[in-house]
Amino acid sequence: MALAGIIALLCSGCDQTPRESLRFGISRAPLTLDPRFATDAASARINRLFYERLVDFDDSYRPVPALADWQLLTPTQYRFILRPDRASFHDGNTLTARDVKATYDAILDPATASPHSAIFDMLARVEVVDDNTVDFHLSKPDPLFPGRLVIGIMPARQLVAGYSFNTKALGSGTFELVAWPVEGVLQLRRRNDGQLLDFIEVKNPTVMALKLMRGEIDMTQNDMPPELVRYLEQQDTVRVIRGAGSNFTYLGFNMQDPVTRNLKLRQAIAHAINRPAIIKYVLGDAARPASALLPPDLWAGNPDLPLLAYDPDKSRQLVKAAGYTGGRRPRIMYKTSSDPFRIRLATVIQQQLNEVGIDVDLRSYDWGTFYGDIKAGRFQMFSLSWIGIKTPDIFHYAFYSTAIPPDGANRGRYADPITDQLIDQTEVNATTEAQVPGYRQIQARLLEQLPYVPLWYEDHVYIARRGLEGYRIARDGNFDGLKYVTRH
């Protein structure tokens, strides 16, 4: 336990003096406080604290009212009625239907260049009925539409005036912005009791653990590798809480590459990976094996899909069936990020593939380079995670044949007429209940074709100093639990 020894040595004399602010450590600071542009995980999660949205999701990811209740007036017209007990904006002004319209008009405006505009291609116009009522008119029916209205509502007056939401959040959420004094430090105030909250960027996980031990930060979530989590579990000054998550980790393939487009080879890879062992020994039992992008207990999930079995003998047979005989071995370039833990995972997968006769050239890159290569299709195989997926239109976005970046996230250039047909047939159903069988068929088809090899759903791990109570772990990993956390 050299790592534990280093931490113990450096942490001697840790300061346990209580702080006025609650301090939350994050590995990456948010890029923006403007919900129109928030796409990275930190920005999306922190913006949820500043801004309220019309719709949220229950535990099975069905849309439920947040700021407003809704009615389906016609197949192409939704009416949203704002709740009378809604909070005002942080500047004291009342949130009205005009603010709702201004927010979505801004997202739809090409001049805004919001990355969220693509999910509203069916939205024709937004109409204010009165202060509390707003209608959304669609160009075609969309039973998933309420679940799209999760963008934080912004004040119309400031939108018109060109207010700098990027660095000066102004919403109606539970927290309001106090200051963003320096890069990597963001201070908020909880509106109901005045509790201050600091988000502090700590890029190195060992330093994060040290700061927890010293009392320089009070808590963190999902930014600690398993060996540090195990070490911290043994410490009296902190406690570790785990919660089931829906973040989906997978291997993706370039379906235009002459090697990785071979289905038999992808099947060989699927059966060569020892998921249970990786989950136990590398992930610290903080994950569940996956068969599809959506967890099986979600409303559009498929609980009947089998798990891909670890079967190295079958994998070797599939390598031969893929055409690699007579001592010939396939060679695949595997790209991952330069995060040390992700490199370790990739190294384990590399070794397991090598054992069944597949040579892997492992390459790691800084996040910007890596992600740019994936979007551009410059890869044979890669590993990534989908984070916070709640609506099944992800299948169109990630697997439809025309959804190639920048028009979607079909990064592997998967083109399957049967998958396209299933997506088209499912999307025209008038209700979400009628869509369920189609989404289950889509997931079964993807498991057969393996444009992704599903790996696991990673748990969320919350670590806090003793004396903090009330935090609730959300299934999608959001930070909403900070609404309830207190120090005793």
Side-chain angles (χ1 to χ4, degrees), residues 11 14-27 29-30 33 41-53 56-59 66-67 85-90 152 169-181 184-202 208-224 228-229 232-245 286 459-488:
C11 196
C14 285
D15 175 18
Q16 299 184 31
T17 304
R19 307 282 186 175
E20 178 183 358
S21 294
L22 298 175
R23 298 189 170 195
F24 194 103
I26 52 176
S27 62
L33 305 184
S43 297
R45 290 167 177 168
I46 291 174
N47 270 284
R48 279 183 61 90
L49 304 177
F50 288 129
Y51 299 92
E52 293 291 338
R53 59 221 67 85
D56 217 327
F57 296 92
D58 64 15
D59 290 340
L67 272 175
D85 60 347
R86 63 190 181 274
S88 62
F89 285 116
H90 299 155
L170 179 55
S172 63
T174 305
F175 286 84
E176 59 188 0
L177 179 66
V178 175
W180 198 343
V185 178
L186 182 67
Q187 188 168 72
L188 290 64
R189 180 186 294 110
R190 197 160 56 197
R191 299 177 75 184
N192 64 347
D193 62 1
Q195 174 65 59
L196 294 175
L197 170 68
D198 294 344
F199 282 100
I200 300 174
E201 184 180 56
V202 184
M208 183 88 78
L210 286 169
K211 287 181 176 292
L212 271 168
M213 298 291 289
R214 291 171 176 165
E216 295 174 15
I217 62 173
D218 296 299
M219 53 191 150
T220 187
Q221 179 178 289
N222 293 344
D223 282 334
M224 206 75 73
L228 280 176
V229 173
L232 290 169
E233 283 180 314
Q234 302 169 16
Q235 309 308 307
D236 294 334
T237 55
V238 299
R239 63 193 182 104
V240 176
I241 301 174
R242 290 178 169 85
D459 290 347
H460 302 299
V461 181
Y462 169 73
I463 307 173
R465 289 184 61 81
R466 298 283 180 180
L468 291 185
E469 303 290 342
Y471 191 87
R472 306 172 188 177
I473 297 178
R475 187 166 189 167
D476 68 353
N478 67 49
F479 295 155
D480 288 11
L482 293 169
K483 299 176 182 179
Y484 314 105
V485 67
T486 58
R487 193 199 305 273
H488 293 288

Distance from [X] atom [atom1] to [Y] atom [atom2], nearest 0.5 Å?
| X | Y | atom1 | atom2 | result |
| --- | --- | --- | --- | --- |
| Gln235 | Ile463 | CD | CD1 | 11.0 Å |
| Ile26 | Asp198 | CD1 | CG | 11.0 Å |
| Leu188 | Leu22 | CG | CG | 11.0 Å |
| Phe50 | Glu176 | CZ | CD | 9.5 Å |
| Leu468 | Thr486 | CG | OG1 | 7.5 Å |
| Leu212 | Ile217 | CG | CD1 | 4.0 Å |

Do the side chains of [Y] and [X] get nearer than 4.5 Å, heavy atoms only?
| X | Y | result |
| --- | --- | --- |
| Tyr471 | Gln221 | yes |
| Val485 | Phe24 | no |
| Arg487 | Arg465 | no |
| Leu186 | Leu33 | yes |
| Leu482 | Met219 | yes |

By side chain to side chain contact (heavy atoms under 4.5 Å, CB included), which residues pair with [X], not counting sequence neighbours?
| X | value |
| --- | --- |
| Glu52 | Leu67, Ser172, Thr174 |
| Ala41 | Arg45 |
| Asn222 | His460, Val461 |
| Ile241 | Arg239, Tyr462, Ile473 |

| Counterpart residues, salt bridge (Lys or Arg N to Asp or Glu O under 4.0 Å), relative to Asp193 (two or more places apart) |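 Expected list: Arg190.
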| message | I'd like to check the salt bridge (Lys or Arg N to Asp or Glu O under 4.0 Å) partners of Arg242; sequence neighbours left out, ordered by chain and number. | response | Glu233
| request: Applying ring-ring contact (aromatic ring centres under 6.0 Å, His included), name anything that partners Phe175, two or more places apart in sequence or on another chain. | output: none
| message | Would you say CG of Asp236 has more than 12 non-hydrogen atoms from neighbouring residues, nucleotides or ligands within 6.0 angstrom? | response | no
Side chain to side chain donor-acceptor pair (under 3.5 Å) against [X], all qualifying residues, sequence neighbours excluded:
| X | value |
| --- | --- |
| Arg472 | none |
| Asp223 | Ser27 |
| Asp480 | Arg48 |
| Lys483 | none |

Write down the atom of [X], the atom of [Y], and the distance for their closest heavy-atom approach.
| X | Y | result |
| --- | --- | --- |
| Met208 | Thr220 | CE-OG1, 3.8 Å |
| Leu232 | Ala209 | CD1-CB, 4.3 Å |
| Glu201 | Ala29 | OE2-N, 2.9 Å |
| Ala87 | Arg191 | CB-NH1, 4.0 Å |

